[in-house]
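Since the structure comes first, as structure tokens, the remarks are kept for the end.
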Amino acid sequence: EVQLVESGGGLVQPGGSLRLSCAASGFAFDDYAMSWVRQAPGKGLEWVSVISRNGGSTYYAESMKGRFTISRDGLTETVRMQMNDLKPEDTAVYFCYARMEGVRVGKRFEYEYWGQGTQVTVSS
């Protein structure tokens with residue numbers, strides 16, 4: 001069974017730090033780009049960070065650049081995101097997301113999986 005299990009969320013003061021973890025199982029982890037996506041109260045989904053299959057490239061939303069760092073470990077099949085200088089507007093449920101796409105035998109394919117999310121609350 002495919003599983004993405006997030007952990008590491010919690011309550012932190014503005015300016016503080018948290019490290020989120022996502023434990024993957026049940027699929028070929030190394031074949032998937034991994035992302036963190038968040039949803040703030042009353043808001044839609046917002047893409048936070050992405051790391052490529054081999055970890056060679058990363059992407060961050062503009063408001064997270066310089067504060068958040070995504071990483072992955074193929075041995076433990078874990079993706080992490082270090083979050084520093086947290087702000088109240090970072091309060092959200094953070095979801096781990098896996099995606100693979102491509103073409104084989106002339107047909108496009110796509111697989112995606114979502115975790116259940118972990119709550120991050122930034123408040124004084």
Side-chain angles (χ1 to χ4, degrees):
E1 182 181 36
V2 172
Q3 288 188 300
L4 293 172
V5 182
E6 301 96 333
S7 62
L11 175 64
V12 64
Q13 294 182 333
S17 298
L18 286 173
R19 186 178 68 180
L20 304 184
S21 294
C22 172
S25 61
F27 66 99
F29 179 79
D30 290 345
D31 290 338
Y32 286 73
M34 301 297 298
S35 300
W36 289 95
V37 185
R38 72 185 185 185
Q39 186 168 34
K43 304 293 184 180
L45 293 172
E46 179 183 21
W47 296 94
V48 176
S49 60
V50 184
I51 187 166
S52 61
R53 293 166 55 196
N54 61 5
S57 61
T58 57
Y59 163 83
Y60 302 94
E62 196 66 34
S63 63
M64 292 81 174
K65 290 181 179 178
R67 299 191 299 124
F68 293 5
T69 303
I70 188 171
S71 61
R72 66 189 295 161
D73 186 334
L75 182 61
T76 61
E77 297 189 330
T78 301
V79 59
R80 297 185 176 88
M81 186 167 68
Q82 178 68 41
M83 304 187 294
N84 297 325
D85 191 25
L86 285 162
K87 306 177 185 298
E89 51 264 41
D90 294 319
T91 296
V93 176
Y94 285 73
F95 299 94
C96 183
Y97 172 70
R99 178 180 174 85
M100 180 178 70
E101 63 178 17
V103 179
R104 58 186 177 187
V105 199
K107 298 180 180 179
R108 282 199 284 269
F109 64 91
E110 177 183 334
Y111 299 98
E112 62 178 14
Y113 306 110
W114 291 86
Q116 292 299 113
T118 184
Q119 177 71 50
V120 171
T121 302
V122 185
S123 177
S124 60

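Bear in mind that the values here come from a model prediction, so they are computed numbers and not experimental data.
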Subject >> Backbone N/O of Ser7 and side chain of Thr118: donor-acceptor pair under 3.5 Å >> reply: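 Flag not set: sc Thr118 to bb Ser7 has no pair under 3.5 Å.
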Original post:
Side chain of Thr91, backbone of Glu89: donor and acceptor closer than 3.5 Å?
Top reply: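 No, the answer is negative, given that no donor and acceptor are paired below the 3.5 Å cut-off.
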Please round to the nearest 0.5 Å and tell me the distance separating atom [atom1] of [X] and atom [atom2] of [Y].
X	Y	atom1	atom2	result
Asn84	Leu18	CG	CG	9.5 Å
Glu101	Tyr111	CD	OH	12.5 Å
Gln3	Cys96	CD	SG	12.0 Å
Arg67	Met83	CZ	CE	9.0 Å
Lys65	Ser63	NZ	OG	10.0 Å
Thr121	Asp90	OG1	CG	11.0 Å

same_hphob_cluster([X], [Y]) at 4.5 Å side-chain heavy-atom cutoff:
X	Y	answer
Val2	Met100	yes
Leu11	Leu86	no
Val103	Tyr32	no

With heavy-atom distances below 4.5 Å as the criterion, would you say the side chains of [X] and [Y] are in contact?
X	Y	answer
Val50	Ile70	no
Tyr60	Thr58	yes
Val120	Leu20	yes
Arg99	Ser35	no
Gln39	Tyr94	no
Tyr59	Ser49	no
Arg72	Met81	no

Subject >> Fellow cluster residues of Trp114, listed by chain then number, with links counted only when side-chain atoms sit under 4.5 Å apart >> reply: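 Noted: Trp114 shares its cluster with Val37, Leu45, Trp47, Val93, Phe95, Tyr97.
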**OP:** Any chance you could pull the hydrophobic cluster mates of Val105, using side-chain heavy atoms under 4.5 angstrom and chaining through other members?
**Re:**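 None, because no other hydrophobic side chain comes under 4.5 Å of this residue.
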Original post:
Are any of the side-chain nitrogens in Arg53 or Asp30 under 4.0 Å away from the carboxylate oxygens of its partner?
Top reply: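 Looking at Asp30 together with Arg53, the answer is no, because their closest N to O distance does not fall below 4.0 Å.
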Subject >> Ion pair check, Glu110 and Arg108, cut-off under 4.0 Å >> reply: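 Salt bridge flag = no for Arg108 with Glu110.
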Original post:
What class does the angle between the rings of Phe27 and Tyr113 fall in, given that below 30° is parallel, 30 to 60° is tilted and above 60° is perpendicular?
Top reply: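 Taking Tyr113 first and then Phe27, their aromatic rings sit tilted (interplane angle of 30° to 60°).
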**OP:** Determine the sole option in Arg80, Glu6, Glu46 for which the side chain to side chain contact (heavy atoms under 4.5 Å, CB included) test with Trp36 is passed.
**Re:**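 One option only clears the test, and that one is Glu6.
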